[in-house]
Trainee: 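The structure's right below; bear with me while I get my questions together.
A note on names: the letters A, B, ... follow the listed sequences, proteins ahead of strands, and every chain is numbered from 1.
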Amino acid sequence: MRTRDTAARAARPARRRPRVPLALLLPAGLGLLFLVLPLVGLLARAPWTTLPQRLAQPGVLTALWLSLQTATLATLLCVLLGVPLAWLLARVEFPGRRLVRALVTVPLVLPPVVGGVALLLVFGRRGLLGSWLDATFGVTLPFTTAGVVLAEAFVAMPFLVIAVEGALRGADPRYEEAAATLGAGRWTTFTHVTLPLVAPGVAAGAVLCWARALGEFGATITFAGNYPGRTQTMPLAVYLALETDLPAAIVLSLILLTVSVAILAGLRDRWVGAP
Amino acid sequence: MRTRDTAARAARPARRRPRVPLALLLPAGLGLLFLVLPLVGLLARAPWTTLPQRLAQPGVLTALWLSLQTATLATLLCVLLGVPLAWLLARVEFPGRRLVRALVTVPLVLPPVVGGVALLLVFGRRGLLGSWLDATFGVTLPFTTAGVVLAEAFVAMPFLVIAVEGALRGADPRYEEAAATLGAGRWTTFTHVTLPLVAPGVAAGAVLCWARALGEFGATITFAGNYPGRTQTMPLAVYLALETDLPAAIVLSLILLTVSVAILAGLRDRWVGAP
Amino acid sequence: MTAPPLLDAHLVADRDAFQLDVRLRIAAGEVVALLGPNGAGKTTALRALAGLHPLAAGHLTLDGVDLDRPDRRRWVPPERRPVGVVFQDYLLFPHLRALDNVAFGPRRQGADRSAARERARGWLDRVGLAEQARRRPRQLSGGQAQRVALARALAVDPTLLLLDEPLAALDAGTRLDTRAELQRHLGGHSGATLLVTHDPLDAFVLADRLLIVEHGRVVQEGDAASVTARPRTDYVARLVGLNLHRGRADGHTVRVGELTLTAADRVVGDAFVAFPPAAVALHPARPDGSPRNVWPATVTGVQRHGDNLRVQLDGPITVAADVTPAAAAHLRLAPGQRVWAAVKAAETHAYPA
Amino acid sequence: MTAPPLLDAHLVADRDAFQLDVRLRIAAGEVVALLGPNGAGKTTALRALAGLHPLAAGHLTLDGVDLDRPDRRRWVPPERRPVGVVFQDYLLFPHLRALDNVAFGPRRQGADRSAARERARGWLDRVGLAEQARRRPRQLSGGQAQRVALARALAVDPTLLLLDEPLAALDAGTRLDTRAELQRHLGGHSGATLLVTHDPLDAFVLADRLLIVEHGRVVQEGDAASVTARPRTDYVARLVGLNLHRGRADGHTVRVGELTLTAADRVVGDAFVAFPPAAVALHPARPDGSPRNVWPATVTGVQRHGDNLRVQLDGPITVAADVTPAAAAHLRLAPGQRVWAAVKAAETHAYPA
Amino acid sequence: GGDDAPAGTAGGGRVTVFAAASLTETFTRLGRDFEAAHPGTRVTFNFAGSSALATQISQGAPADVFAAASPATMKTVTGAGEAAASPVTLARNQLVIAVPRGNPRQIAGLPDLTRPGAKVALCAEQVPCGAAARTALDAAGVRLTPATLEQDVKGALAKVKLGEVDAALVYRTDARAAASDVDAIEFAESDRAINDYPIVVLKRAGDPATARAFVDHVRSDAGRAVLTAAGFQPPQA
Ligand SMILES: Nc1ncnc2c1ncn2[C@@H]1O[C@H](COP(=O)(O)OP(=O)(O)OP(=O)(O)O)[C@@H](O)[C@H]1O
Ligand SMILES: Nc1ncnc2c1ncn2[C@@H]1O[C@H](COP(=O)(O)OP(=O)(O)OP(=O)(O)O)[C@@H](O)[C@H]1O
Ligand SMILES: [Mg+2]
Ligand SMILES: [Mg+2]
């Protein structure tokens with residue numbers, strides 16, 4: 001980070017380096033500090049000496065791997081269903097659109113455990129849909145890895161939908177008109193013009209979605225249970241560790257954090273870059 | 001909702017009503033169903049007959065009011081600090097920017113309870129900053145309403161930052177150049193040009209942020225504790241109700257949901273609309 | 001028109017306070033130039049034809065197919081209309097290279113990727129941008145971008161071609177080349193073409209017929225010769241460079257305000273009189289001799305105009321006069337100066353209003 | 001130039017494969033027109049002057065202040081440069097009404113809201129848009145938007161005014177009015193003005209001096225008369241409507257390829273010869289008589305050109321000839337036909353290359 | 001990822017135990033011992049909050065054995081007819097006052113908690129440790145305004161560990177697990193507020209015999225030893 005450096009240079013005309021006004025730099029720095037300081041607190045308290053042995057515990061890597069897998073699958077599911085939903089909300093006028101838009105935020109406001117209960121009520125073995133699924137296809141979702149994906153997707157989807165809708169509303173619809181005059185139907189326009197234009201927004205939404213899914217706990221443990229190797233993701237492992245051993249919980253959290261930050265930082269800029 | 005209606009019309013040329021391709025309508029409908037069905041499950045299970053008497057319980061309205069207040073304050077704090085941070089990430093090139101961008105997601109991935117612990121480690125009575133705050137100003141944040149706001153802001157800020165950054169990256173920077181040639185410094189350009197241009201993105205981020213703050217539980221109870229009237233927000237009340245009385249928890253959740261959906265649906269479209 | 005029109009439209013559309021009401025017929029192979037002052041509704045008309053702005057009333061029929069008929073609730077969306085549009089501000093897809101922008105249309109018509117690119121390459125070549133094929137729109141200069149937009153619209157070979165000032169950003173030389181290319185293309189084009197332009201030369205060279213709109217209404221229509229000879233509004237008069245006045249005619253004389261002008265033509269009733277600025281001669285004192293139309297005037301402005309000077313005159317009628325720099329020096333023309341203006345009857349044309 | 005230049009610049013900038021290297025001096029009150037083909041680097045030069053594209057080398061000094069000096073690591077950001085820019089694509093702020101777009105600059109200069117609006121209203125009035133003041137950019141027609149952009153740039157009364165094709169989207173009449181308004185404004189403007197345009201008339205009317213760039217380099221510079229009389233590149237020749245050829249002169253004769261042309265002027269060494277298309281006469285057979293320059297040619301194209309026809313000719317040299325429709329009919333001109341071209345020596349000008 | 005077929009109720013010597021999160025350590029131990037003692041059996045645990053487990057069971061979760069942290073939660077399961085027999089108590093837990101290590105505030109009993117400036121964390125009354133604390137405080141006649149009413153013992157204990165509060169009423173087992181950070185102070189009224197941990201075999205158990213064997217193992221002397229080592233008290237005879 002060279003933000004302070006940047007601030008110092010702002011005073012005199014500098015070559016090329018854009019000057020950053022203090023009125024922006026100050027709150028930005030404060031915001032960053034606010035987000036990162038707690039992490040520093042955790043790092044300071046982490047029992048570094050025991051780290052290798054904790055990492056070596058077999059359950060940890062399994063949980064980490066499961067977390068990454070399920071969060072990625074959940075993000076895929078969210079993108080598949082959420083981007084069209086965001087498009088519908090941004091581009092099609094229909095009665096009750098405002099209500100639908102507000103309803104999309106439901107899983108955000110719902111305490112995740114209640115969300116898990118709600119999922120059980122619908123997809124559980126005795127749920128509205130779950131009983132039918134079970135009877136017809138012999139499929140039960142709760143307490144399976146698929147259930148974890150479902151719970152994470154439920155909790156994380158609003159992030160994608162709302163971020164993508166915001167991006168769509170900021171995009172110029174006249175490019176879509178131009179595509180139409182060239183013979184592109186709405187679907188082709190969507191895939192060939194709209195999506196590439198809002199790619200940064202979709203990327204931002206997917207990052208939010210993935211990170212939220214990775215950290216999901218309440219809905220997962222309620223809907224999918226806490227079975228090591230099958231439904232025990234890192235946050236669940238952290239929860240159990242909290243029961244007995246705060247430092248262990250901190251270490252597990254840090255492992256999860258490090259991996260996710262590394263993955264996100266490793267994603268090439270152009271994934272998030274403007275076209 | 002008239003989405004099916006819209007689909008039916010898509011087949012023949014309709015006046016003005018844009019035709020919606022099935023390839024978009026289908027996943028959008030599925031997505032919406034997926035988000036809303038669990039709500040239906042909850043509604044089906046809610047003990048409607050006892051609703052009035054539960055609502056009349058004094059603690060409920062207090063918790064609801066506290067939730068709305070703290071979530072709104074937290075959102076304000078997030079906007080104040082988060083929008084500049086998003087701008088920095090989107091518009092200023094500095095070494096390590098990719099890492100910072102990834103670090104911003106930390107509170108998303110961190111299990112909220114661990115986030116609360118991390119906040120305690122920094123802002124607690126014995127925390128890195130907290131002990132200094134206590135010694136210097138006699139201010140302690142845990143167990144106060146301010147603490148609730150802090151915890152909610154910590155958890156919710158990434159949503160704002162990432163959504164706004166996505167919007168900024170999608171916006172055309174040449175308007176900012178035009179503003180500069182008219183004598184607007186970076187700060188004026190930011191407030192008078194950039195912000196209005198990305199207003200839909202900021203609105204989307206603020207909605208995400210507010211909803212997430214409203215539903216926040218783990219970090220709040222860990223950092224700010226749970227005391228009726230001071231730090232007990234609705235999600236905390238819901239969790240405690242869950243311990244003994246599932247229907248009560250469902251009712252409380254539904255109250256929270258109804259209020260937040262009503263508020264979000266009531267926000268005029270132009271808050272979320274393109275300029 | 002003898003052939004049944006390929007395009008038959010009565011465009012009625014609203015845009016807030018602005019109302020468009022234009023009747024339009026274009027035969028197969030015909031090129032119509034749509035001219036009019038800024039804000040006259042030219043772009044709005046094009047948008048209505050393309051299906052981007054639904055009609056409030058009227059109709060739009062292309063090649064026998066109703067594309068927009070509010071009374072029958074019939075409306076064909078843009079993507080199913082055989083149109084090609086050059087937008088006034090290009091609207092090139094920012095994420096696609098020039099080549100793929102041009103290939104976009106052919107792809108939608110079912111060409112496979114390489115065929116579409118081949119076709120796009122041909123068009124880019126024709127507008128002189130073969131080298132810029134791999135650039136993205138933001139990496140193109142204004143004139144380059146406009147030519148890509150033109151290539152993109154032509155590449156779909158539409159039945160109805162809508163061109164909104166397609167040459168405005170081109171440099172003089174490229175403009176000639178591109179116009180020639182366009183002329184060649186339109187010569188072999190069997191569809192209908194509507195060309196919006198502010199350049200009378202473009203209109204005269206490319207179009208078979210001119211359509212002048214003002215305030216959303218058609219004010220004049222006809223081929224270049226008739227429009228140029230007999231302008232009916234100030235806009236058209238300025239476009240073709242004539243002084244235009246309206247008055248009441250009685251035989252060879254037309255009464256305009258307090259002035260009576262003698263014209264070469266015989267008209268009775270409401271009439272226009274028109275004469276070119278170059279036909280106006282200025283004199284320091286009342287001239288004797290042949291000019292029948294003589295009146296005192298005050299100079300309000302002098303500007304360079306090509307090799308000559310254009311002098312704005314106030315008086316019983318407001319006119320522009322073109323004089324040579326030598327004449328101007330001789331007359332010591334300056335704003336406020338009083339002179340005599342004279343126009344020969346032979347150069348003054350009158351026609352019914 | 002006698003006065004020390006207000007603007008003194010040597011602009012060296014890169015844009016991917018494109019390189020700009022232009023020296024530029026403008027005196028106080030002077031208007032320089034920057035002309036050149038599409039992609040020549042005009043917009044890039046303006047961006048460098050405005051501070052939107054830092055120089056790679058060279059320097060930029062305005063009114064004695066170094067605005068950009070890569071060698072001294074000195075660079076003043078755009079907002080602290082006293083410039084006003086009309087962008088080629090306007091870049092009106094989409095969220096502000098026309099009035100507030102124009103008031104934006106005055107506000108930044110410290111005017112309070114009502115004073116800024118008052119000033120903006122005045123400017124909108126001057127460009128004829130008083131009625132559109134409350135519209136947002138998307139609700140404006142192309143020409144209206146361009147005039148708002150012009151008003152926005154003029155309202156800040158900048159020391160350096162940069163106009164990138166500010167009249168391209170205006171209708172013919174409005175263009176004259178706006179040009180007159182601009183001319184009036186520039187007449188009283190004490191700063192430097194750089195005007196990019198593709199219209200030679202705009203350049204001749206508004207500018208004191210022309211600067212022609214091609215491929216990022218200055219190829220010719222001078223006042224309208226000298227540039228018009230002695231074009232040095234094909235672009236300039238087409239701009240001013242002359243046939244231009246390069247050869248070796250020896251006295252009154254210039255050898256161009258296999259052809260020897262006789263000119264009115266005396267030159268020795270590398271030279272240009274120029275003559276207008278109207279000076280080229282066409283004959284079915286080799287003409288006798290006065291024309292000294294006669295050669296056989298093949299017609300490659302015929303286009304309408306104003307009242308006349310412009311004929312493209314191939315042969316020992318490629319030239320354009322303007323003939324009347326009557327002459328064309330007499331000659332039965334069609335592509336492929338062989339004719340004799342003749343130009344009088346008196347109309348053929350030669351000057352050193 | 002593991003196979004997606006729900007475990008439990010599968011028979012063949014498999015037992016799926018839904019157990020309160022506070023039993024994580026002891027039950028993991030007990031499970032391993034059980035598997036060793038009964039070769040061929042496999043014990044799978046699902047640890048979560050008792051009430052969440054109860055909800056899962058009532059929604060048809062595949063569970064064979066349920067061990068709750070309070071009789072009240074157990075009652076919601078037995079009341080729904082999910083139990084195969086009546087629950088039995090597997091252990092009991094008693095409240096202590098947890099204070100930061102070294103007891104800097106010199107707290108000796110419940111009355112010391114009302115000292116001015118003393119910050120105390122209690123559990124909320126909806127959870128067993130909160131109910132027990134209320135009973136104990138009432139018995140001692142102490143009126144106390146806590147700083148916070150925690151959702152569970154871990155929350156209360158974490159606040160002591162981090163020094164945010166000066167004392168908390170928590171279970172002895174939890175205080176013992178955190179012995180490196182907190183001291184446990186026994187107090188007289190705590191025997192009035194003892195919490196029972198019930199365990200039961202569920203109706204839909206796939207292999208009821210093995211399930212019962214696991215419950216028996218928990219209640220065996222060996223099992224009891226594990227529980228006592230963690231600070232639990234044996235059930236009343
Ligand atoms: N989106 C809109 N909302 C409201 N009014 C509009 C909108 N777009 C254009 N107008 C108005 O409608 C009228 C016609 O605009 P239009 O763009 O069709 O003009 P035009 O003939 O193309 O002019 P130009 O030559 O300047 O491009 C103008 O007065 C314009 O201000
Ligand atoms: N962002 C960019 N990146 C790379 N190349 C660019 C970029 N912008 C312009 N160019 C190239 O630089 C050259 C000069 O462009 P510039 O816009 O300065 O031309 P111009 O003289 O203004 O042309 P026009 O008359 O068409 O507006 C062109 O070849 C163009 O393709
Ligand atoms: Mg237009
Ligand atoms: Mg340009």
Side-chain angles (χ1 to χ4, degrees), chain A residues 1-2 20-21 23-24 27-28 30-32 36-39 41-42 45 80-82 84-85 88 92 94-96 98-99 102-103 105-106 108-111 114 118-119 121-122 128 162-163 166-167 169-170 186-187 200-201 204 208 211-212 214-215 217 235 238 253 257 260-261 264-265 274, chain B residues 1-2 6 20-21 23-24 27-28 30-32 36-39 41-42 45 81-82 84-85 88 92 94-96 98-99 102-103 105-106 108-111 114 118-119 121-122 128 162-163 166-167 169-170 186-187 200-201 204 208 211-212 214-215 217 235 238 253 257 260-261 264-265 274:
Chain A
M1 278 200 306
R2 294 252 305 271
V20 181
L24 280 174
L30 270 179
L32 189 62
V36 172
L37 256 189
L39 184 63
L42 283 184
R45 270 296 274 260
L80 240 56
L81 303 184
L85 184 54
L88 198 72
V92 182
F94 56 92
R98 243 196 298 172
L99 180 68
L103 279 178
T105 60
V106 161
L108 276 173
V109 181
L110 206 61
V114 179
L119 284 173
L121 292 175
V122 173
L128 299 176
I162 294 174
R169 286 175 160 265
R186 277 205 142 180
W187 170 249
L208 281 174
R212 179 69 185 86
L214 205 58
F217 160 70
V238 169
S253 304
L257 277 188
S260 75
V261 165
L264 290 177
Chain B
M1 280 198 308
R2 294 250 305 272
T6 311
V20 180
L24 281 173
L30 269 179
L32 189 62
V36 172
L37 254 189
L39 184 64
L42 285 183
R45 270 295 278 262
L81 302 183
L85 184 54
L88 198 73
V92 183
F94 55 92
R98 241 196 300 171
L99 181 67
L103 279 177
T105 59
V106 161
L108 275 174
V109 181
L110 207 59
V114 179
L119 283 173
L121 290 174
V122 174
L128 299 175
I162 295 174
R169 288 176 160 263
R186 276 205 143 181
W187 169 248
L208 280 175
R212 180 69 185 89
L214 204 60
F217 161 72
V238 169
S253 305
L257 278 189
S260 75
V261 165
L264 290 177

Trainee: Do you know which two heavy atoms are closest between A:Pro38 and B:Leu119, and how far apart they sit?
Mentor: CG-CD2, 3.8 Å
Trainee: If I measure from the heavy atoms of chain B, does A:Val36 come under 4.5 Å with its side chain, its backbone, both, or neither?
Mentor: side chain
Trainee: Find the distance between CG (B:Leu264) and CD1 (A:Ile162) and round it off to the nearest 0.5 Å.
Mentor: 7.5 Å
Trainee: Heavy atoms only, distances under 4.5 angstrom: which of B:Gly166, B:Pro84, B:Ala23, B:Gly215 has the most pairs with chain A? Name it, please.
Mentor: B:Pro84
Trainee: Which one, A:Leu208, A:Leu128, A:Val261, leads in non-hydrogen pairs under 4.5 Å with chain B?
Mentor: A:Leu208
Trainee: Minimum heavy-atom separation for A:Leu88 and B:Ala28, please, with both atom names.
Mentor: CD2-CB, 4.1 Å
Trainee: Can you name the closest pair of heavy atoms from B:Ala265 and A:Leu99 and give their distance?
Mentor: CB-CA, 4.4 Å
Trainee: Is chain B contacted by the side chain of A:Val109, its backbone, both, or neither, given a heavy-atom distance below 4.5 Å?
Mentor: both
Trainee: Check whether A:Ala167 gets within reach of chain B through its side chain, its backbone, both or neither, counting any heavy atom under 4.5 Å.
Mentor: neither
Trainee: Among A:Leu30, A:Leu80, A:Val106, single out the residue with the greatest number of heavy-atom pairs under 4.5 Å to chain B.
Mentor: A:Val106
Trainee: Looking only at non-hydrogen atoms, find the nearest pair between A:Leu110 and B:Ser253 and report the distance.
Mentor: CD1-CB, 4.0 Å
Trainee: Please classify the contact between A:Leu24 and chain B as side chain, backbone, both or neither, with a heavy-atom cut-off of under 4.5 Å.
Mentor: both
Trainee: Under a 4.5 Å heavy-atom cutoff, which of A:Leu81, A:Val122, A:Leu214 has the most pairs with chain B?
Mentor: A:Leu81
Trainee: Could you state the interatomic distance from CG (B:Leu32) to CG (A:Leu103), rounded to the nearest 0.5 Å?
Mentor: 7.0 Å
Trainee: Identify the residue among A:Leu42, A:Leu39, A:Leu37 that makes a side chain to side chain contact (heavy atoms under 4.5 Å, CB included) with B:Leu121.
Mentor: A:Leu42
Trainee: Nearest heavy-atom pair of A:Pro21 and B:Trp187: which atoms, and what distance?
Mentor: CG-N, 3.8 Å
Trainee: If you look at every heavy atom in A:Pro111 and B:Val238, which pair is closest and at what distance?
Mentor: CG-CG1, 4.0 Å
